[in-house]
Amino acid sequence: MNKYFILFVLCCAFASESNNKFDWKTNLIPIVGQIKNEKYIKAGLLSGAQLYSGNKFLIHNNKDQIAKRNTYAWWIISLYLYGIIDAYVDYSLKNFPTENKKEE
């Protein structure tokens, strides 16, 4: 449990760097981009799903259940890529207008 807390603290430290440019180097850590975009619930859910998939991957790896292990490996990869792409899209749409202004 302590290693997950340390990982969370490191992610928050990377996310606290403020700049106006999307930085691919620090956002390759799965939840850093979500934290930078201030999407804390999404970051928590995404990291929880990744931890669950990683845990199931290790359990099935130790039991020599290759098919289930591979399924969870694909889930890990998919969630990782989803986190990176979603953080980039959220960052890109940050300044998008949210209200329709009617001209009179």
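Residue indices begin at 1 and follow the sequence shown. On a predicted model such as this, the values are computed, not experimentally measured, just so you know.
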Exercise for the section: Output every pair passing salt bridge (Lys or Arg N to Asp or Glu O under 4.0 Å) with a member in residues 44-54, not counting sequence neighbours, ordered by first then second residue. Expected result: none
Handout entry: Residue pairs passing the salt bridge (Lys or Arg N to Asp or Glu O under 4.0 Å) test where at least one lies in residues 59-81, sequence neighbours excluded
Key = none
State which residues pass side chain to side chain donor-acceptor pair (under 3.5 Å) with [X]; sequence neighbours excluded, sorted by chain then number.
{"X": "Glu38", "result": "none"}
{"X": "Asp86", "result": "Gln34, Lys42"}
{"X": "Lys39", "result": "none"}

What distance do [X] atom [atom1] and [Y] atom [atom2] have between them, rounded to the nearest 0.5 Å?
{"X": "Ile31", "Y": "Ile84", "atom1": "CD1", "atom2": "CD1", "value": "12.5 Å"}
{"X": "Asn70", "Y": "Asn61", "atom1": "CG", "atom2": "CG", "value": "9.0 Å"}
{"X": "Thr71", "Y": "Ile66", "atom1": "OG1", "atom2": "CD1", "value": "11.5 Å"}

Exercise for the section: Grab the two heavy atoms, one from Ile35 and one from Ala43, that are nearest each other, plus how far apart they are. Expected result: CG1-CB, 4.0 Å
Exercise for the section: Look at the side chain of Asn37 and the backbone N and O of Gly33, then say whether any donor-acceptor pair between them is shorter than 3.5 Å. Expected result: yes
Practice task
Can you tell me which residue pairs pass the ring-ring contact (aromatic ring centres under 6.0 Å, His included) test with a partner in residues 35-59, sequence neighbours excluded?
Solution key: none
Problem - Co-members of Ile41 in a cluster of I, L, V, M, F, W and Y side chains, linked at under 4.5 Å - result: Leu45
Practice task
Mind checking ring-ring contact (aromatic ring centres under 6.0 Å, His included) for Tyr72 and listing every partner two or more places apart, or none if nothing turns up?
Solution key: His60
